[in-house]
Amino acid sequence: MGSVKVTACCRQLFLPYARALALTTKMASGNIICCLRRNLSSSSRLRSSMPAWVIDEYGNNGVLRFTEEATAPSVNSASEVLIQVHAASLNPLDISMRGGYGSNLLKLRRDPVSLGQNGSEFPIILGRDVSGVVVDCGSGVTHFKPGDEVWAAIPPWKQGSLAEMVNLTEYEVSHKPRSLSHMEAVSIPYVAATALSALVNAGGLCRNNCANKRVLITGASGGVGTFSIQLLKAWGAHVTVTCSHNAEGLVRGLGADEVVDYTAGDVAAELGLLEKFDVILDNVGGDSEQWALGMLKSWSGAKYVTLVTPFLLNIDSMGLLEGAVHSGLNLHQKAITNMCKGVFYRWGFYAPDGPALDEVSQLVDAGKILPVVEAMFPFSQVPQAFQKLEGGHARGKTVVTVAQEEEGTRVTEEEGEVETSDTPEQVREEVREAVPKR
Ligand SMILES: NC(=O)C1=CN([C@@H]2O[C@H](COP(=O)(O)OP(=O)(O)OC[C@H]3O[C@@H](n4cnc5c(N)ncnc54)[C@H](OP(=O)(O)O)[C@@H]3O)[C@@H](O)[C@H]2O)C=CC1
């Protein structure tokens with residue numbers, strides 16, 4: 001599938017979301033800074049500073065600060081790959097990390113070289129997804145070379161992609177799907193790494209054992225959900241999802257077999273009418289944990305995997321040791337209780353995995369997984385992108401253009417307006433059509 005086809009297909013599939021795109025990209029126009037549109041020359045590669053959005057303390061959107069003087073990363077070990085960021089995307093984790101979530105544990109895992117004089121983790125660069133181009137490699141790097149187009153999910157203890165450059169190890173990086181632009185590709189790595197970790201490592205699923213499996217995904221209209229539906233359908237599973245009524249078209253378009261609108265009534269009662277499930281991926285947590293476990297097939301190895309865990313919150317509030325012990329006991333107790341009922345209870349976590357992204361890249365290029373981009377922002381409007389994400393009700397991903405213009409996609413600096421290879425009038429017509437008629 002060529003990139004034009006993907007773009008056209010996405011536009012058709014996600015036309016209803018063009019309205020959100022139009023609204024968000026009009027926000028707070030042209031107020032600050034420049035957009036990064038420059039080719040990286042060998043001299044800039046050696047610069048010690050770079051443009052980036054940083055935080056110097058934890059808090060709300062007000063702590064986001066643009067600087068031209070962020071410390072530029074460089075290759076410091078044999079396995080490292082230096083990437084020029086073309087596009088970044090945001091995840092709920094970015095909102096949480098901006099507020100200090102996970103800081104106790106993440107600080108311990110940060111590279112000591114990146115810590116400040118008094119051991120401070122600031123300034124921190126957020127952004128967990130990158131799509132870009134390799135500009136330098138360590139002597140031991142075998143799979144990548146300067147000029148390669150790559151994508152990656154960035155571990156939360158590393159400096160993120162809301163910057164001109166990012167430094168990762170070879171094992172965290174993968175070649176970007178050829179059929180996608182950077183803006184499209186960047187919507188996938190972090191949610192893919194999370195979904196793969198949850199479904200494969202915790203859920204026991206893989207491409208060879210899904211044919212007769214029934215899987216339930218809660219919160220299916222967001223980043224992790226929209227990716228998971230497509231992955232599971234590519235692997236041959238039967239997929240049931242929960243989402244709001246206005247996301248039904250999206251999730252069905254991605255392949256969901258059965259859709260339950262959680263806003264329409266008693267979601268547990270509705271799901272209880274269906275055949276039981278082999279695996280549940282819970283993207284919602286809270287109440288859903290109470291009823292979801294009862295939806296699993298008993299004594300058949302069925303697994304409930306939740307992505308909403310108290311692990312980092314416990315460490316934040318209780319400290320490292322007590323928080324870890326408390327979390328371990330909590331998980332153990334739930335696992336034992338549910339094992340007695342014949343089902344497995346698991347916590348799912350994001351895990352960095354470049355090779356796993358290689359498989360995703362193949363599925364994307366085979367046309368089996370589409371990027372789901374709800375909103376695009378220029379680099380000058382990172383705070384607005386955070387604002388959009390914080391508003392909730394995600395329908396796929398919010399992405400940020402960091403560097404060069406994309407073929408067929410252009411973000412104008414002055415108005416924060418997104419254009420595509422269509423004429424502006426064609427784009428406006430699509431948006432007009434997508435706005436519900438009163
Ligand atoms: N443990 C880990 O390592 C990771 C954990 N996560 C967590 O997983 C969760 C999902 O992540 P992500 O997909 O990126 O989040 P998003 O914000 O992209 O999506 C959440 C989706 O859930 C929908 N939703 C909200 N409430 C309900 C409900 N009661 N029933 C069904 N759908 C609902 C929202 O739409 P609407 O409100 O309109 O219905 C939205 O579409 C988040 O809590 C995130 O923090 C994510 C990645 C890694």
Side-chain angles (χ1 to χ4, degrees), residues 14 16-17 20 89-99 101-102 105-106 128-129 153-157 186-199 201-203 216-231 240-251 254 256 259-268 270-271 280-292 295 305-315 327 331 346-353 371-375 385-399:
F14 308 121
Y17 308 102
S89 90
L90 297 184
N91 293 279
L93 180 64
D94 290 301
I95 308 276
S96 305
M97 283 178 65
R98 193 196 62 199
Y101 172 77
L105 187 62
L106 297 179
R128 294 302 113 202
D129 290 287
I154 303 169
W157 52 89
V186 81
S187 64
I188 293 177
Y190 188 79
V191 293
T194 302
L196 283 164
S197 166
L199 293 169
N201 302 340
L216 170 65
I217 304 170
T218 67
S221 47
V224 176
T226 51
F227 176 83
S228 301
I229 295 169
Q230 300 184 80
L231 180 74
T240 302
V241 305
T242 69
C243 63
S244 305
H245 64 283
N246 63 4
E248 180 168 352
L250 171 66
V251 295
L254 296 172
V259 181
V260 173
D261 171 9
Y262 79 94
T263 63
D266 187 344
V267 65
E270 181 104 3
L271 285 166
I280 296 177
L281 174 62
D282 189 355
N283 294 307
V284 174
D287 287 351
S288 60
E289 185 168 317
Q290 308 306 317
W291 51 256
M295 307 288 163
V305 184
T306 180
L307 286 176
V308 185
T309 82
F311 181 65
L312 286 176
L313 283 177
N314 286 343
I315 289 179
S327 300
L331 177 60
R346 304 247 163 102
W347 285 351
F349 292 101
Y350 152 82
D353 192 346
V372 186
V373 177
E374 178 187 14
F386 271 80
Q387 221 175 326
K388 153 75 186 79
L389 196 69
E390 230 164 342
H393 307 297
R395 300 289 179 262
K397 295 299 301 285
T398 293
V399 304

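When a ligand or atom number is given, it counts from 1 through the structure's own listing order.
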Enquirer: Closest heavy-atom contact between Val259 and Cys243?
Expert: CG1-SG, 3.7 Å
Enquirer: Ignoring hydrogens, what is the shortest heavy-atom contact between Met295 and Ala268? Give both atom names and the distance.
Expert: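 Closest pair (atom of Met295, atom of Ala268, distance): CE-O, 3.2 Å.
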Enquirer: Tell me, with the steps shown, if Trp291 and Val267 meet side chain to side chain contact (heavy atoms under 4.5 Å, CB included).
Expert: CA-CA 9 Å; Trp291 51 256; Val267 65; 3.7 Å; yes
Enquirer: Determine, step by step, whether Leu106 and Met97 satisfy the side chain to side chain contact (heavy atoms under 4.5 Å, CB included) criterion, reporting the C-alpha distance in whole Å, the side-chain angles of both residues, the deciding distance to 0.1 Å, and the verdict.
Expert: CA-CA 10 Å; Leu106 297 179; Met97 283 178 65; 4.0 Å; yes
Enquirer: So is Thr218 touching ligand 1 or not, going by heavy atoms under 4.0 Å?
Expert: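 The answer is no: ligand 1 sits nowhere under 4.0 Å from a heavy atom of Thr218.
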Enquirer: What do you reckon, does Cys243 have a nitrogen or oxygen under 3.5 Å from a nitrogen or oxygen of ligand 1?
Expert: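 Between Cys243 and ligand 1 (N or O atoms, distance only) the closest approach is not under 3.5 Å.
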Enquirer: Output the distance between atom CG (Asp129) and atom CD1 (Ile154), rounded to the nearest 0.5 Å.
Expert: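 Answer for the CG-CD1 pair, Asp129 versus Ile154, is 7.5 Å.
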Enquirer: Identify the protein heavy atom lying closest to atom 23 (C) of ligand 1, giving its residue, its atom name and the separation to 0.1 Å.
Expert: Ser221 OG, 3.9 Å
Enquirer: Per the side-chain contact (heavy atoms from CB on, under 4.5 Å) rule, which among Val224, Val308, Val191 passes with Asn283?
Expert: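 Among the candidates, only Val224 passes.
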Enquirer: May I ask you to identify the nearest protein heavy atom to atom 32 (N) of ligand 1, giving residue, atom name and distance to one decimal place in Å?
Expert: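 Protein heavy atom at minimum distance: Gly219 CA, 3.2 Å.
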Enquirer: Between Val308, Leu307, Val251, which one has a non-hydrogen atom sitting closest to atom 4 (C) of ligand 1?
Expert: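 Closest candidate by heavy-atom distance is Leu307.
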Enquirer: Can you tell me if Gly392 has a non-hydrogen atom under 4.0 Å from ligand 1?
Expert: no
Enquirer: Hey, looking at atom 38 (O) of ligand 1, which of His393, Lys397, Arg128, Glu390 has the closest heavy atom?
Expert: His393
Enquirer: For the side chain to side chain donor-acceptor pair (under 3.5 Å) test, which of Thr242, Asp282, Thr218 pairs with Ser288?
Expert: Asp282
Enquirer: Give yes if a backbone or side-chain nitrogen or oxygen of Tyr350 is under 3.5 Å from a nitrogen or oxygen of ligand 1, and no if not.
Expert: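 There is such a contact, yes.
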Enquirer: Is Tyr190 in polar range of ligand 1, meaning some N or O pair under 3.5 Å apart?
Expert: no
Enquirer: Yes or no on side chain to side chain contact (heavy atoms under 4.5 Å, CB included) for Thr194 and Asn91, after CA distance, side-chain angles and deciding distance?
Expert: CA-CA 11 Å; Thr194 302; Asn91 293 279; over 6 Å; no
Enquirer: To the nearest 0.1 Å, how far is atom 11 (O) of ligand 1 from its closest protein heavy atom, and which atom is that?
Expert: Val224 CG2, 3.7 Å
Enquirer: Provide the number and element of each atom of ligand 1 under 4.0 Å from a heavy atom of Gly348.
Expert: 1 (N), 2 (C)
Enquirer: Show the nearest heavy-atom pair for residues Ala220 and Val241, with the distance to one decimal.
Expert: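 The pair with the smallest heavy-atom distance is CB-CB, 3.4 Å.
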Enquirer: What residue and heavy atom of the protein are closest to atom 18 (O) of ligand 1, and at what distance?
Expert: Gly223 N, 2.9 Å
Enquirer: Classify the ring geometry between Tyr190 and Tyr350 as parallel (under 30°), tilted (30 to 60°) or perpendicular (over 60°).
Expert: parallel
Enquirer: Which residue and non-hydrogen atom of the protein lie closest to atom 48 (C) of ligand 1, and at what distance in Å?
Expert: Thr194 CG2, 3.4 Å
Enquirer: Students should be able to answer this: which protein heavy-atom is nearest to atom 9 (C) of ligand 1, and at what distance?
Expert: Asn283 O, 3.3 Å
Enquirer: Flag Ser244 as yes when one of its N or O atoms lies below 3.5 Å from any N or O atom of ligand 1, and as no otherwise.
Expert: yes
Enquirer: Out of curiosity, Leu93 CG to Arg98 CZ, how far, rounded to the nearest 0.5 Å?
Expert: 12.0 Å
Enquirer: If I apply the N/O under 3.5 Å rule, does Arg395 come out as touching ligand 1?
Expert: yes
Enquirer: Distance to 0.1 Å, residue and atom name: give those for the protein heavy atom nearest to atom 40 (C) of ligand 1.
Expert: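 So the nearest neighbour among protein heavy atoms is Ala394 O, 3.6 Å.
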Enquirer: Counting from 1, what ligand 1 atoms have a heavy atom of Val284 closer than 4.0 Å?
Expert: 27 (C), 28 (C), 29 (N), 30 (N), 31 (C), 32 (N), 33 (C)
Enquirer: With no hydrogens and no angle check, just 3.5 Å: does a side-chain donor-acceptor pair link Arg395 and Asn246?
Expert: yes
Enquirer: Judged by non-hydrogen atoms, does Thr309 sit under 4.0 Å from ligand 1?
Expert: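 Flag not set, Thr309 not near ligand 1.
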Enquirer: I need the contact type for Pro92 against ligand 1. Using non-hydrogen atoms and a strict under-4.0 Å cut-off, is it side chain, backbone, both or neither?
Expert: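 Looking at Pro92 and ligand 1, just side chain atoms fall under 4.0 Å.
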Enquirer: Measure the OG-CG distance between Ser197 and Asp353 for me, rounded to the nearest 0.5 Å.
Expert: 8.5 Å
Enquirer: Test your reading of the structure: does Tyr262 have an N or O sitting under 3.5 Å from an N or O of ligand 1?
Expert: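 Between Tyr262 and ligand 1, an N or O pair is found under 3.5 Å apart.
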Enquirer: What do you reckon, does Val191 have a nitrogen or oxygen under 3.5 Å from a nitrogen or oxygen of ligand 1?
Expert: no
Enquirer: Just distances here: any N/O of Gly222 and N/O of ligand 1 closer than 3.5 Å?
Expert: yes
Enquirer: If every non-hydrogen atom of Pro92 is compared with every non-hydrogen atom of Leu389, which pair is closest and at what distance?
Expert: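 Nearest pair, atom of Pro92 first, then Leu389: N-CD2, 3.9 Å.
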Enquirer: For ligand 1 and Ala220, I'd like to know whether there is a polar contact (N/O to N/O, distance under 3.5 Å).
Expert: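 In this structure, Ala220 places no N or O atom under 3.5 Å from an N or O of ligand 1.
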